[in-house]
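Below: one structure, written as C-alpha cells.
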Amino acid sequence: MNVTTHRRCQMTIIAEYVLEEKLIALAATSGVHGYTVHEVRGGSFSADGERRREGAGETDRTIEMKMICERVVAEQVAQQVLDQFGGNFSVRVLLADVEVFRPGKY
Amino acid sequence: MNVTTHRRCQMTIIAEYVLEEKLIALAATSGVHGYTVHEVRGGSFSADGERRREGAGETDRTIEMKMICERVVAEQVAQQVLDQFGGNFSVRVLLADVEVFRPGKY
Amino acid sequence: MNVTTHRRCQMTIIAEYVLEEKLIALAATSGVHGYTVHEVRGGSFSADGERRREGAGETDRTIEMKMICERVVAEQVAQQVLDQFGGNFSVRVLLADVEVFRPGKY
Amino acid sequence: MPIDPLVLTFALGVAARLARSDLRFPEPVYEALSVYLLLAIGLKGGVELSHQPLTHVALPALFAAFAGFALPFILFPVLRHVVGLARSDAASVAAHYGSVSVVTFAIATAYLQQRGIPAESFMPVLLALMEAPGIIAGVILARAGGTAGAPVFREVAANKGIVLLAGGIVIGWIVGSEGYAPLKPLFGDLFRGLLALYLLELGLVVGGRFADLRRAGLRLVTFSVITPLVMGTTGLGLGSWLLGLSAGGAILFGVLLASASYIAAPAAMRMAVPEANPALGISAALAVTFPFNVFINIPLLVLLGGSL
Amino acid sequence: MPIDPLVLTFALGVAARLARSDLRFPEPVYEALSVYLLLAIGLKGGVELSHQPLTHVALPALFAAFAGFALPFILFPVLRHVVGLARSDAASVAAHYGSVSVVTFAIATAYLQQRGIPAESFMPVLLALMEAPGIIAGVILARAGGTAGAPVFREVAANKGIVLLAGGIVIGWIVGSEGYAPLKPLFGDLFRGLLALYLLELGLVVGGRFADLRRAGLRLVTFSVITPLVMGTTGLGLGSWLLGLSAGGAILFGVLLASASYIAAPAAMRMAVPEANPALGISAALAVTFPFNVFINIPLLVLLGGSL
Amino acid sequence: MPIDPLVLTFALGVAARLARSDLRFPEPVYEALSVYLLLAIGLKGGVELSHQPLTHVALPALFAAFAGFALPFILFPVLRHVVGLARSDAASVAAHYGSVSVVTFAIATAYLQQRGIPAESFMPVLLALMEAPGIIAGVILARAGGTAGAPVFREVAANKGIVLLAGGIVIGWIVGSEGYAPLKPLFGDLFRGLLALYLLELGLVVGGRFADLRRAGLRLVTFSVITPLVMGTTGLGLGSWLLGLSAGGAILFGVLLASASYIAAPAAMRMAVPEANPALGISAALAVTFPFNVFINIPLLVLLGGSL
Ligand SMILES: Nc1ncnc2c1ncn2[C@@H]1O[C@H](COP(=O)(O)O)[C@@H](O)[C@H]1O
Ligand SMILES: Nc1ncnc2c1ncn2[C@@H]1O[C@H](COP(=O)(O)O)[C@@H](O)[C@H]1O
Ligand SMILES: Nc1ncnc2c1ncn2[C@@H]1O[C@H](COP(=O)(O)O)[C@@H](O)[C@H]1O
Ligand code: NA
Ligand code: NA
Ligand code: NA
C-alpha cells in the first residue's frame, strides 16, 4: 500500500482557560483553519517550590489547544501568542511535525 | 545513559463521538494493539463562517483517539477511516513519529 | 518571518490514575520542570481478547501525562518509570520531538 | 393567568447565552438531569398505570405508536418538495418530527397541573411508545425501502430515552404507590425544580443554536413553526374524538404529535443516515419548534382544549 | 412481599448495559452521589448516636473492627489453596472481603425500614469501623509480616470513605437532631431516591464487568457466592448471641460481614500490593458478591433473622 | 449556642485536604451547585420582593451599590502603601473586597434563621447589586482613570453570578409565592443541605490554598483579617443608623461589606488587569477572609447586632 501524506505543523498551546476565546480569535484571523481543545491540569516546579493548577475553580483552569496548519502560519501565530500573552499569562507553545491526508483542509 | 528506543507511528483521529466504537472495531481488526481516547471540543473556520462543536448534547461531541502502531498499519487504518467515514462525518487523521521502549507492545 | 525554536523532547506517559502523584514526584526530582495531565479512557487488544479501561470507578481511571524536557532527561525518566512501574502497572511511555520558543523554561 | 417559572428559566438561559454570559451548565450534570427526568416520568406513569386495568391503554397506545410511525411519511414529501431538502435530509428531519420531545411533554404536564386540568394517567406510556416509531420511519424513508438493516432497529430500541422511560414505567408498575413512596421526595417533589434547572441549561444550548438557523434557511424555519401548529390541533382533535381522551389527555396527545425529538432522533439518524446534514434536524427541533411549543403552542392547545 | 425499587433500578442498569444501550451515567455525578451517600449515612448515624450513651457502642464497635481484621486471615488460606490464587492475589481478594460495602449496607437498611424491622442506631458506626481493618490485614498478608509500612496505614485512614463516614458521624453527633433538621430534606428525605439513581449507575458498571468473570475463573466465582452466605449467617449468629443485638442489628451485622468492598479496597490494594491483579478482587466483589447480596443474601438474612 | 453543621462540613473539607485524603468533589458538580445556590438565592429574594412595594428597596439598594463601588477606593491606598503591593496588584485585591461573596451571605442568612433573627426580605437584591461595582472600581483603579474600556463593563454585567442572581430575582418577582410553590422543594427545602455539600467542597479547595499564603506574605494576610473586621462593624452601623435596617438586615449588610468575592472578581480581574498576580486576591479572599468570616466575624456581628 502506498499512501501520500502531506507535511503540516501541529502547534500545541497550553494556557489558562480565560485565553481560550482570544486564542481562537487570533488563530481565525491568521490563516489557521481549525482548532481542538480539551481541559487539562498541570504544574511546574521551580526554585521557589511547586506550583499546581488543579482546575478547581474558574481561575485555575488550564486548556490544551491544538492547531494543525502550515509551518509558517504556526510560527507566526506562536510568536503573536507569546508576544500578546506570554508576559502576563501562563502560556506554553510547542511545535511538532505531523502528516495529514487531505491537505486542503489545513 | 544510553537507552534504546523503537520508532513507531502515532495516529491521531479527531472525530465525532458516534464513531468511537466503529473506529475501535476497525483498528482491532487491522493490527492495531490499543487505543486511547479523550473528549475534546473544537471548531473550524471556513469561507462561510465559523462552525463550533462545543460538546453540549449527544450529537455535538468530539473525541480525539490516539493509536500507536507500525507505520504501515497506521497508513492502512488511516486510509480506511477516511474512505469509510471521511465523506459523511467530521473526521481528521494525523500521523506523527514517536519512539517507544517496549516494541513488542505496539 | 524568521523565528528561532529550540528542540526538546515530549514524553507522553499513559498510565493508571493511581500513579499520578508518584510520576510527578519522580519527574520533579529528575530535572523535569513541569507536566500536564488529562484523563483518558482506552483499551488494548491481545490474543486473549479485549481489555478496556472505561474510567468508570476509581481503579479504572487512566491518565495521559505530558512532560517537555531535554532529551537526556526524558530518557532517564522514562527508564525509571518503566523500571519502577512497568512490571505491575499499566503504563506506556512515548517520546517525540518538539520545538519550543522559550528554552529556559524546559 | 400566571406565567410558569419553567418558561422563565428557559428564557433566562436563552438570554444569558445571547448576552454572551459566561454562564455554563456543566455537561455531566445536564446529562444526569436528563436521565433523572426520563426515569421520573416513567416511574410516575408506571405507578399510575398500576391502579387501573391495562386494557384501557391498549387502543390509545396502539394508535400513538402508529401515528408516530405515519407522521414522517406525511412530512417527508413536504420537506422534499416544498422545503426543498435532499432525500436523506428530508428523511432525517421527518424522523425528528415523527418522534417526540420528552421535555416538551413534561412542560405541558406541569402546565396542566398548574391549571388543575386532569389528564389520563397513562399518557407517559404513549410518550414512551412514540419515541421509536418516527425514527424507524425516517430510516425507511432514507433508504427508500432498501435494506433498512436490523441493527438500526436494535440500536433505536436500546436507546437511552426508551430504556429509561420504559424501564421506569415497568418499575413503577411493579412497585406501585407503596414502593414509590420512599422515592417520591426525589422523583416526585423535586421534579418541577429540576425541570426548571434543566430548562435553564437547555436555554443556553438553544441560544447557541440560533446562529445555525440562518444556514437552515427560511423554508425550514417556517416548516418548524407550521408543523407543530397543524399537528398539535390535529392531535387534539384525534385524541378527543377518535381516542375518547379527556380534554387534558387530548391536549397532551396534541403536544406529543407537535413536539420534535432533539435527543434520540439526532443520535439515531447520525448513525443510520450519515449522509444527512445533522444540523438541520436538531436546529429545527431545538431552536424553533421547542420554543414555539413552549411559548405559544402549549398555551394555545390548552385554550382550544378548554372548549372541548 | 413487595419488590424493592432499589433492586429494580439496579437490575435496569445491568439489563441496559447487557443490551448495549447507549445509557451512560456521567462519572462526576456518580462520584458526587457516592460522596453524598457516605456523608448521609454518617450524619444520620451520628445524630442517632447523640441520643444515647456512647458506652453502649463500645463492645459491638470493638468486636466489629476485630472481625473485619480477622476475616482476611480466615479467607486467605482458602483463596490460596482452594481457589488456587498466588499469594498477592489471595491477600488482595481477602482484603476486599474483610472490608465492607457501604451501598450493600444502605440497601439492607432500606430493606429493614420497609419491613418495619428496627435496628440499633449505632450500626453506621460499625460500618465506619469496618472499612479499614480488613484492608490493613490484606496488606499484612501480602507482605507476609514483612515491612508493612506506616504510609499505607495513613493512606487507608485518610481514604475518602472513612473521612466521609467518620466525619459525618462526628458532625451528626455534634449537631444532634436540632442541627440536623435543616439538612434532613437533602440527607434524609432524598436518600432512598438518590440511592436508586446510584444503583442504576452501579448496574451499568456491573453489567460491564460480567465479561471479566470468565477470566476470574469458576473457583473464584464460587468463592464469591459461598463467602457471603457463610459470613452472613455467621454474622447474624454472632450479632445476636455474642453481641446481644436486636434482630435488625444482627441482620445488619451479618450483611456487613457478608459484603465486600468495591471502592476503598481496590484503590488501597492497587497501591499497597501492586503485584496483585486488580481485576480479581473488584470483579468478585462487584459482579458476583454485590448482586448476590442484594438479590438473595439480604432477603435470606432477613428471613433467618425474623426467626431469632 | 449550637454549632452550625455548615461550619462543620467546611471544616471537614479543610481537614480532609490537609490530611491528604483522596476525597475529591467533582468539578462539574461543584459548578452546578454554585449555579443552584445563586439561582435559589435570587428566586427566594424575588418572591419576597413581590410582596412589598419596590420603593422600600430603593434607598438601601442605591447605597449598597455605591458602597461596593467606593470600597476599593478606600482599600487601594492601604494595599498600595501599607501592604506594599504594586499598583495592579493593589487594584485587583481591592476589587475582590469591593465585591461580595454569595456563599458568605448564604451562611449568614442560615445563621440568622437558625437563631430566629428576622431580616429585610430584600437583602438578596443588595447582594446582586454589590457584585459588579467593586469590580468596576478595581478596573478603574488599575488603569488610573485611563481608557477603562466598555467591553470590561459589559463582561462584568453578563457574569454568571449577576445573571443568575438578577435573573432569579426577576423570575421570583414575576411568579410570586404561588408560582414558586412547585419549585420550593428544590430551591427552598434543599438549600441548607446543598449549601453544606458545597461547603464541604469549598473546604477542600481552601485547604489546598493555604500553601499560597506564605507567598502572599504576612501583611496581606493581616489585611485580609482586619478588613472584614472593620468593614463588618462599619456595615452594621451604617445599615442600622443610616439605612434604618432591622438588626438582622444590618448584620447582613455588615456581612456583605465584610465579604470578599472569590468567584466573580478573580475571573473578571484576570482579563481586565492581566498584569496583576491572580493568586493574591483569591488566596486572601478564599483562604483567609472567607474562613475568618464564617468562624469569627459572622458570630461576632450577630452578637453586636443583638445589642442594637
Ligand atoms: N515542562 C512542561 N511539560 C509539560 N507541561 C508543562 C511544562 N511546564 C509547564 N507545563 C504546563 O503549563 C502550565 C503553565 O505552566 P507555567 O507557565 O509554569 O505556569 C502548567 O500548569 C502545565 O500544565
Ligand atoms: N486545523 C485544525 N487543527 C486542529 N483541529 C482541527 C482543525 N480543523 C478541524 N479540527 C478539529 O476537527 C473537528 C472537525 O472539524 P470539521 O471536519 O471541519 O467539522 C473540529 O471540531 C476540530 O476539533
Ligand atoms: N497501541 C496503543 N496506542 C495507544 N494507546 C494505547 C495502546 N496500547 C495501550 N494503550 C493505552 O494504554 C492503556 C494501558 O494499556 P495496557 O498496558 O495494555 O493495559 C490503555 O488503556 C490505552 O489507553
Ligand atoms: Na412529534
Ligand atoms: Na465483609
Ligand atoms: Na465586600
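Here is how names work: the chains are called A, B, and so on, in the same order as the sequence lines, proteins then strands, and each is numbered from 1. The shown structure was predicted, so the numbers you read here are calculated from the model rather than taken from an experiment.
Residue contact with chain D, scored on non-hydrogen atoms closer than 4.5 Å, involves the backbone and the side chain of F/Val163 alike. In this structure, no portion of F/Leu43 lies under 4.5 Å from any heavy atom of chain D. Interface remark: D/Leu12 contributes side-chain atoms only to the contact with chain F (heavy atom separation under 4.5 Å). For D/Pro28, the part sitting under 4.5 Å from any heavy atom of chain F is the side chain, from C-beta outward, and nothing else.
For the atom pair CG of F/Leu286 and OG of F/Ser101, the computed distance is 8.5 Å after rounding to the nearest 0.5 Å.
Ranked by heavy-atom pairs under 4.5 Å with chain D, the first of F/Ala32, F/Gly168, F/Gly167 is F/Ala32. Of all the listed residues (D/Leu195, D/Leu6, D/Leu197), the one sharing the greatest number of non-hydrogen pairs under 4.5 Å with chain F is D/Leu197. Put simply, of F/Ala158, F/Ala157, F/Pro26, the one with the most heavy-atom pairs under 4.5 Å next to chain D is F/Ala158.
A donor and an acceptor atom, one from each side chain of D/Glu120 and D/Ser246, are located under 3.5 Å apart. A side-chain N or O of F/Ser121 and one of F/Gln52 form a donor-acceptor pair less than 3.5 Å apart. Looking only at atom types and distance, the side chain of F/Thr289 has a donor-acceptor partner in the side chain of F/Tyr97 under 3.5 Å away.
Here the side chain of F/Thr109 pairs a donor or acceptor atom with the backbone of F/Phe105 at under 3.5 angstrom. One N or O on the side chain of F/Thr9 and one on the backbone of F/Ala196 form a donor-acceptor pair closer than 3.5 Å. Between the side chain of F/Arg143 and the backbone N or O of F/Ala272 there is at least one donor-acceptor pair closer than 3.5 Å.
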Worked verdict on D/Phe25 versus D/Tyr198 for ring pair (Phe, Tyr, Trp, His ring centres under 6.0 Å): CA-CA 9 Å; D/Phe25 206 76; D/Tyr198 181 88; 8.8 Å; no

Audit row: F/Val102, F/Leu127, side-chain contact (heavy atoms from CB on, under 4.5 Å) steps and yes/no: CA-CA 7 Å; F/Val102 176; F/Leu127 171 72; 4.2 Å; yes

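Within residues 181-193 of chain D, the residues having any heavy atom under 4.5 Å from a heavy atom of chain F are, by residue number, D/Asp189, D/Leu190, D/Arg192, D/Gly193.
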